[in-house]
Amino acid sequence: MPIRLYNTLTRSMEEFAMAAPDAPVRFYSCGPTVYDDAHIGNFRSFLNADVLRRALELHGFRVKHVMNITDVGHMTEDDSADGGGEDKMAVAGRRIAEAKKAGKLPAGAEIDPTDPYAIAEFYAQRFLEDARHLGLKVAIEERTHPELMPRPTRCVPQMIALVEQLVARGHAYIAADGVVYFSVQSYPAYGRLSGNTLDNLREGEGGRISAAHQAVKRHPADFMLWKPDPSHLMRWPSPWGEGYPGWHLECSAMARMLLGDEIDLHSGGEDNIFPHHECEVAQSCCASGHHVFSRFWFHTRHLQVEGEKMSKSKGNFFTARDLFAKGVTPAALRLELVRTHYRTNSNFTMQGLRDCQRMIDRWAAARAALAERAASPSPNAAQHGPFERALVEFKDAVGDDLNLARAIAALNTAIGEEPAGDAKAELAALDAMDSVLGVFERNAPLASDAADDLAAKVEALLERRRAARAAKDWAESDRVRDELTALGVRIKDGPQGTTWERAV
RNA sequence: GGUCGCGUACCCAAGUGGCCUAAGGGAACGGAUUGCAAAUCCGUGAUUCGUGGGUUCAAAUCCCACCGCGACCUCCA
């Protein structure tokens with residue numbers, strides 16, 4: 001069964017295939033920067049890359065997935081990509097110092113706000129925690145294969161080598177200000193990925209580019225590869241003086257180091273298309289002499305929240321951890337972030353999160369029923385059951401440029417049908433679908449002190465209610481239930497007693 | 001200003017020329033169940049696809065215009 005993907009590079013749908021069928025797919029994803037906690041918009045992009053990887057695996061490919069964790073302090077305002085403004089790691093350090101003073105630093109965090117490496121490591125670990133909760137496979141693999149999530153600060157020699165090669169091949173030059181720039185005019189294919197050809201770029205120049213920086217460059221679109229700056233927070237020795245790398249460089253260098261000069265797939269958010277990925281292509285192709293850097297480019301569109309652009313000032317800005325703390329299960333957040341097609345703007349809503357949770361709970365109930373049926377020897381059914389049939393449609397939908405909405409519909413349809421077929425095979429089919437959705441393993445709220453406190457309170461109230469119900473004191477029973485509702489708890493009376501969950 | 005994408009029921013969302021008098025989920029409503037709820041199960045739900053034109057035997061699907069939203073061009077997933 002073929003898998004078709006939209007390729008940003010060709011702006012068309014293409015069948016994804018490998019030259020050698022048993023070779024692993026070389027897949028590079030632009031990962032997070034670690035100046036702060038990743039927000040749900042970041043995670044939509046990372047999780048879509050994860051779904052793509054899982055979809056490829058469902059279709060029989062082996063995938064070597066690499067995702068970088070950017071720990072170099074890039075600049076807050078990158079005037080014409082020359083490095084201006086303030087180091088973001090320094091900004092993060094100041095924020096941490098303030099939080100420390102206010103006593104608002106997260107429990108157990110001992111961190112020196114003046115040490116950029118410590119700041120980066122602090123947020124990198126928090127990212128990995130969030131990512132593993134959400135089932136990002138590459139973050140789970142990182143535990144045993146840390147090289148799959150490389151840090152640019154540990155790959156500076158590879159970046160320097162790349163720049164040297166670009167200079168030697170005449171694709172880069174050292175300007176009067178000592179900065180090493182990539183010469184976009186030396187690469188005729190510049191603009192192929194984004195559509196921002198040099199001609200088009202000239203149109204949009206108007207007034208935004210500072211004359212001082214432009215003066216030393218051969219072309220306004222030339223971008224920085226290495227900037228000598230002995231006062232920079234994070235700096236390394238180089239043939240061009242102590243300084244720091246340009247912000248496109250790390251991905252080219254690390255993709256090459258871990259996957260080779262030519263890769264099969266590269267992903268990122270839509271905003272990465274230009275300039276970041278355009279510049280990566282230019283650097284990588286010019287350094288390697290190959291015509292192709294990545295065969296396929298996969299870009300996820302941005303996320304909105306409750307119909308609006310997510311922003312801190314609107315109060316609709318969420319990190320994954322914010323939501324986990326409210327009792328949102330990682331499974332529900334994962335599904336809400338990936339169920340909308342990756343090439344359309346998705347609208348994240350609290351209601352959507354609830355919808356997802358209900359769907360997942362129904363799937364989990366179906367799985368439990370199947371597991372029970374599979375445990376006892378059942379008459380072997382010759383016919384395929386609903387889940388085995390759904391898997392065929394599911395796989396086809398997933399292979400259709402990751403049409404998860406259609407795939408999920410196939411699963412839901414199976415849920416509504418009469419159980420039939422061999423229970424073991426049915427269970428295997430359901431689990432195969434979950435190998436892409438990735439929800440069964442993480443369908444529980446995260447443990448926390450606050451959650452424990454709530455649980456204790458709820459148990460006490462439930463005990464009171466049990467006593468009232470035993471005495472048929474319905475008024476008291478309902479009063480207690482109202483109290484529970486006020487705590488954000490929903491209860492369920494069943495034959496096995498009363499269960500409860502946090503209403504999200 | 002330039003380039004590109006999108007607009008389907010109360011909400012999320014599939015469908016991109018005839019199988020569409022439009023999947024799937026949620027909400028709502030009616031019923032079963034329950035001390036009452038919740039959960040569960042059964043049922044109801046767009047003659048219509050942003051608006052106005054056009055092409056076609058046939059359009060949600062193609063073309064044009066307008067309106068609305070978004071992205072990129074500039075740090076951003």
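Just so it is clear: chains get the letters A, B, ... in the order the sequence lines come, proteins before strands, and each one is counted from 1. Everything numeric in this text was worked out from a predicted model, so none of it was measured.
- Taking atom CE on A/M310 and atom C1' on B/rA71, their separation rounds to 15 Å, with Å as the unit.
- Rounded to the nearest Å, the gap between the C1' atom of B/rC63 and that of B/rA22 is 23 Å.
- B/rU74 atom P lies 11 Å from atom CH2 of A/W247, rounded to whole Å.
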Interface polar pairs with nucleotides 7-9 of chain B, N/O, under 3.5 angstrom:
none

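- Between A/E417 atom CD and B/rC42 atom C1' the separation is 16 Å, expressed in whole Å.
- A/D478 comes within 4.0 angstrom of a nucleotide base, judged by non-hydrogen atoms across all strands.
- Here the CZ atom belonging to A/R295 is positioned 15.0 Å from the NE2 atom belonging to A/H266, to the nearest 0.5 angstrom.
- For A/E441, there are no side chain to side chain donor-acceptor pair (under 3.5 Å) partners at least two apart in sequence or on another chain.
- In summary, A/R469 and A/E476 do not engage in a salt bridge, as defined by a charged side-chain N under 4.0 Å from a carboxylate O.
- Using a cutoff of 4.0 Å between basic side-chain nitrogens and carboxylate oxygens, A/D130 and A/R321 are scored as salt-bridged.
- At the heavy-atom level, A/H341 lies under 4.0 Å from the strands shown only through sugar-phosphate atoms.
- The aromatic ring of A/H302 sits over the base of B/rA77, with ring centres less than 5.5 Å apart and planes inclined by under 30°.
- In this structure, A/D478 pairs ionically with A/R481, as a charged nitrogen and a carboxylate oxygen lie closer than 4.0 Å.
- Nucleotides B/rA38 and B/rG53 have their P atoms positioned 47 Å apart, rounded to a whole Å.
- Between A/R469 and the phosphate of B/rC36, there is no side-chain N or O to OP1/OP2 separation shorter than 4.0 Å.
- A/L303 comes within 4.0 angstrom of a nucleotide base, judged by non-hydrogen atoms across all strands.
- Qualifying ring pair (Phe, Tyr, Trp, His ring centres under 6.0 Å) partners for A/F394, counting only residues two or more places apart in sequence or in other chains: none.
- The partner of B/rC36 cannot be assigned: no Watson-Crick or G-U wobble pair with both contacts below 3.5 Å exists in any strand.
- Residues from residues 430-439 of chain A with heavy atoms under 4.0 angstrom of RNA chain B: there are none.
- Screening residues 29-53 of chain A for salt bridge (charged side-chain N to carboxylate O under 4.0 Å, His left out), with sequence neighbours left out, gives A/D36-A/R95, A/D36-A/K312, A/D37-A/R126, A/D50-A/R54, A/D50-A/R334, A/R53-A/E57, A/R53-A/E141.
- Computed from coordinates, the A/L411 CG to B/rA14 P distance equals 17 Å when rounded to whole Å.
- The nearest whole Å value for the distance from the CG atom in A/L193 to the P atom in B/rC72 is 15 Å.
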N/O contacts under 3.5 Å, protein versus nucleotides 17-24 of chain B?
{"from": "B/rG24", "atom 1": "O2'", "to": "A/N412", "atom 2": "ND2", "distance (Å)": "2.8"}

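- The base-pairing partner of B/rU74, taking Watson-Crick or G-U wobble contacts with both distances under 3.5 Å, does not exist among the strands shown.
- When the C1' atom of B/rA38 is taken as reference, atom CG of A/D361 falls 13 Å away, rounded to whole Å.
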Between the protein and nucleotides 4-6 of chain B, list every N/O to N/O distance that falls short of 3.5 Å.
none

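- More than 12 heavy-atom neighbours from other residues, nucleotides or ligands sit within 6.0 angstrom of CD on A/E463.
- Across all strands shown, B/rA28 forms a Watson-Crick or G-U wobble pair, both distances under 3.5 Å, with B/rU44.
- Under the Watson-Crick or G-U wobble criterion, with both distances below 3.5 Å, B/rU51 is paired with B/rA65.
- Using a 4.0 Å cut-off on heavy atoms, the residues of residues 490-502 of chain A that approach RNA chain B are A/R490, A/I491, A/K492, A/D493, listed by number.
- Contacts of A/R11 with the nucleic acid, taken as non-hydrogen atoms under 4.0 Å apart, are absent.
- Remark: A/R490 pairs with A/E501 by the salt bridge (Lys or Arg N to Asp or Glu O under 4.0 Å) rule, at least two apart or across chains.
- Both A/R481 and A/C30 lie near RNA chain B, and the one whose nearest nucleotide falls closer to the 5' end is A/R481.
- Taking only side-chain atoms of A/T340, from C-beta outward, the nucleotide of B/rC76, B/rC12, B/rG15 with the closest atom is B/rC12.
- Residue A/N196 has no polar side-chain atom (N or O) positioned under 4.0 Å from OP1 or OP2 of B/rC73.
- A cation-pi arrangement is absent between A/R132 and A/F127 under the rule of less than 6.0 angstrom and at most 45 degrees off the ring axis.
- The salt bridge (Lys or Arg N to Asp or Glu O under 4.0 Å) test applied to A/D401 returns A/R343, not counting sequence neighbours.
- Residues passing the salt bridge (Lys or Arg N to Asp or Glu O under 4.0 Å) test with A/E270 are A/R301, sequence neighbours excluded.
- Rounded to a whole angstrom, the distance from the P atom of B/rA9 to that of B/rC49 is 10 Å.
- If you measure from atom CZ of A/F348 to atom P of B/rC69, you get 23 Å, rounded to the nearest angstrom.
- For the pair A/D482 CG and B/rC36 C1', the computed distance is 11 Å after rounding to whole Å.
- In this structure A/D322 satisfies the salt bridge (Lys or Arg N to Asp or Glu O under 4.0 Å) test with no other residue, sequence neighbours excluded.
- Residue A/E336 is classed as having no contact, given no heavy-atom separation below 4.0 Å to the nucleic acid.
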